[in-house]
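Note sheet for the following structure.
The structure displayed is predicted, hence computed values, not measured ones. Numbers restart at 1 for each chain; the letters A, B, ... are given by sequence-line order, proteins then strands. Note: hydrogens, waters and symmetry copies are ignored here, and every other heavy atom, side chains too, is used.
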Amino acid sequence: MSTETEKISPKGRHVSPNFITEVIDGDLQQGRYPKVVTRFPPEPNGYLHIGHAKSIALNFGLALDYRGECNLRFDDTNPETESREYVEAIKRDIQWLGFRWARECYASDYFERLFECAVQLIRDGAAYVDSLSEEEISTYRGTITEPGRPSLYRDRTVTENLDLFARMRKGEFPSGAHVLRAKIDLRSPNMKLRDPVLYRIVHASHYRTGDAWCIYPLYDFAHPLSDAIEGVSHSICTLEFENNRAIYDWLVEHLRGKCGLPASPRPYQYEFARLNLDYTVLSKRKLIKLVEDGHVKGWDDPRMPTIAGLRRRGVTPEAIREFANRIGVAKANSRVDLATFEAAIRDDLNYRAPRVLAVLRPLKVVLTNLPEGNVEELQAPYWPHDVPNEGSRAVPFSGELYIERDDFREHPPKGFYRLIPGGRVRLRHAYVIRCDDVVKDAAGNLVELRCTYDPATLGRAPAGGPVKGTIHWVSARHGVRAEMRLYDRLFRMADPEAGDGDISASLSPESLTVVEGYVEPSVLHDPPELRYQFERLGYFWRDPADASPKRLVFNRIVSLRDSWAKREGRGRV
RNA sequence: UGCGGGGUGGUCUAAGGGAAUGACGCCCGGCUUUGGACCGGGAAACUCCAGGUUCGAGUCCUGGCCCCGCAGCCA
C-alpha cells in the first residue's frame, strides 16, 4: 500500500513521520486539498530562536515533502511592540536556515479585509462593541469555575454597533475606550469562548501601515482569517493555543465564503509541543531580559539560543535542521537533553571541519637536543583516516613548543597517559618526546618542561615500546596568538524556569571563559569562515564580529566528546 | 477543579489489536599518531495505576492518579 507521500518523496524526507503528517496523508487521500499550504507566522517583535527553528523546519519541511508551499507571514497586529528591524532579522534567519517561502505575507496587509469581516460579524449579530473597562471585562468574564456575566452593552443593536465600530476606526475614541467582541458564550467552560475581544483601539502608529489605523485586530481574530485568506490547509501552532482553536473554528465557519474568503477548503489548526532545551530558556520575554540586563552581550551573543547567536557561535544550518529532525514532533510536553543538540552539531562538523593544532592554555616545552633556531616543516594531513577528504599543510616544528597544560601531570592519576616526569608522549604529526626536567619558579609554579625528542620517531614507532598518548602542540616561535572564547551552557540548572522568580540567579558563571592561546600559522591563509577542529579540543571558528586579520578571535562551537574529562569527573573547561 | 491536552528505557521518539522502534546518553570491547571519529556488543520501559473486553491490549472500554494549558484590550 503506498500513500501519496511515499509516491512523492520515497526517501529523504525533511520531516520524519508524526501525527501531523498522518493528518495530511489522510487529507490528501480524501482529496480535501489541492495542495498542502502551511505558514510560519512570527510576530516581528523579537529574534528567532532554536524553538522557532523546530517550527520552521516543520512548516517548511512539510511543504517540501508534500510539494506544497509554506508562506512566511508576519503576525503584525500589535503596533506597540513590532518593528521592521525584526522583520528583516527574521527573514535573514529563515533564509540562513536554508528555507524559502512561497509568499511573504503580513497580517497588516489584510487590515481592510479583516475590518470587513468584523463588520460582517456585526451585521450577523455575532459581534458587538463593548464599552466596559478592561478591568470590568475581566471581572465579567468570570473564572475557571464560575460562568461569566453579560456586559450591559452586549445587546446593542446592529445599527448602534455598526456606528460605534465605524467611529472607533475613525479615531473618535481614545485608546481602550471600546472594544469589539465576538458574541459567543459567556458561560462557556472554555474561557476563550467567553466573548473574546476581536478589536481594540490603539492610537499608535504601525511600522507598516503608519497612522492609517487606530484599531487593531487581535491574534484570535487575525490569525484564522489570515490563514483562510491565504488558502492555508494546515495551520500548525503550539500547545498553548489548543483552547483558541474553538475561536478559530467559530470564526472560519462564520465567515468562510463571505468577505472574499474561500468557502472551501478551509484551514484547520493543529497543535504540537514546543521545544524546551536543557540549560537554556526559550521564551522571548526571558531572552529579552537577558539582553537588557546585560547578562549576555546581545541577541547574537554566542551563548544565546537565538538563531543569530547560534550562527555567530558557528553552528551550521544543517546541524540545526538535523537536530529538529532528531527530536521529532509530538504533543507531549518535553525537555530535550542538551547532548542531543551537541551530538547533531558534532556529527555535522566532524566531516566538514579540517583538523589543525592549537593550544588553549600553553605550557612551554624546550627540546634540549634540538639546536636552537632549527626549524623543520612537517607535513600534516587535515583529515583523519575516517573522513574521506584530502589535503594537508606544513606545520613548523622547532625546539620550543607549547603544549596544553592539561596534558602534563607531575603526579598523574591512574589511567593518565599523557606526559609525566620521565615519561614519553607522541606529539601529534611529529615526534615522540620524553620529559627530563620540570622547571618551576621560586613560588613552586610550573614554568616549563625540558624534554628530548627522538628523531627516529617521525611516522615510526619508537624503539623501547609504544607510547600511550598523543598530544597537540604548537611551535612557540611560529604559533599565532589568539583569543579563545570557550562557551558553555548559559544556565547552571537544566530547567532554569523551574524555580520561582529570577532566572538570573541560575546563570552559569562559566558560560564564557576567555583564554589567550596559540594556533598553528597555517590558519592565516584560510578563508575566515572556515570551521576547524582544534585537535583534541573541539570545533572552533573565527568570531565573525570580533576577529580581524590582525587579531585572531576564535569561538568554540562545541567541545569534543571527552571521555577522559568525564572519567576525571570534570566537565569541559 | 469547569474545560482543553498529555503520560512508552535516563532524554526525545516510533508502534494504531499480533514478538515494544530508532536516536541521544550510559556501560563493555575493538580500532586508532585526536581519550575524537568509526566498528562490535550490552544494560536500560512489566508502555502512570486499577479493573474490563479479547485467543491476544501501549493500542479498545470503565474508573482513578499525576503533569501541562486556559480567567491580556499579548501572541
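With distances taken from any side-chain atom of A/Arg141 to the nucleotides B/rC73, B/rC12, B/rA37, the minimum falls on B/rC73. Nearest nucleotide to the side chain of A/Asn244, out of B/rG4, B/rG25, B/rA75: B/rA75. Proximity note for A/Pro189 (side chain, C-beta onward) versus B/rG2, B/rU34, B/rC24: the nearest is B/rG2. Of the listed nucleotides (B/rG35, B/rC24, B/rU33), B/rG35 has the atom at the smallest distance from the side chain of A/Trp564.
A side-chain donor-acceptor contact under 3.5 Å links A/His203 to the backbone of A/Phe173.
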Could you list all N or O pairs between the protein and nucleotides 42-48 of chain B that sit under 3.5 Å apart?
none

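A/Asp386 contributes a side-chain N or O that forms a donor-acceptor pair with the base of B/rG36 under 3.5 Å. Judged by distance alone with a 3.5 Å cut-off, no donor-acceptor contact links the side chain of A/Arg536 to the base of B/rU34. In terms of polar N and O atoms assigned as donor or acceptor, the side chain of A/Gln533 never comes within less than 3.5 Å of the base of B/rG36 in a complementary pairing. For A/Arg418 against B/rG35, a side-chain N or O and a base N or O form a donor-acceptor pair under 3.5 Å.
Side-chain rings of A/Tyr279 and A/Phe491 stay apart, their centers remaining 6.0 Å or farther from each other. Ring centroids of A/Tyr248 and A/Tyr268 are separated by 6.0 Å or more, keeping the two rings apart.
B/rG40 and B/rC28 make up a base pair, with Watson-Crick or G-U wobble contacts both under 3.5 Å.
Side chains of A/Glu135 and A/Tyr140: a donor-acceptor N/O pair is absent below 3.5 angstrom, by distance only. Between the side chains of A/Arg428 and A/Thr470, not a single donor N or O lies within less than 3.5 Å of an accepting N or O.
Between A/Arg355 and A/Ala353, the closest heavy-atom pair is NH1-O, 2.9 Å.
Distance, A/Phe534 CZ to B/rG35 C1': 20 Å, rounded to whole Å. Rounded to an integer number of Å, the gap from A/Arg335 CZ to B/rC24 C1' is 16 Å. Atom OH in A/Tyr279 sits about 19 Å away from atom P in B/rC24, given to the nearest Å. Rounded to whole Å, the distance from CZ on A/Arg355 to C1' on B/rU34 is 8 Å. If you take NE2 of A/His472 and C1' of B/rU32, they are 18 Å apart, rounded to a whole angstrom.
With C1' as the reference atom, B/rG25 and B/rA43 are 13 Å apart, rounded to whole Å. Distance noted for atom P between B/rG7 and B/rU47: 15 Å (whole Å).
Judged by ring centres under 5.5 Å apart and planes tilted less than 30 degrees, A/Tyr219 fails to stack against the six-membered base ring of B/rA75.
Backbone-only engagement by A/Leu218 is indicated by non-hydrogen atom pairs under 4.0 Å involving sugar-phosphate atoms exclusively.
Tested against A/Tyr402, the residues A/Trp473, A/Tyr518, A/Phe408 include a single ring pair (Phe, Tyr, Trp, His ring centres under 6.0 Å) partner, A/Tyr518.
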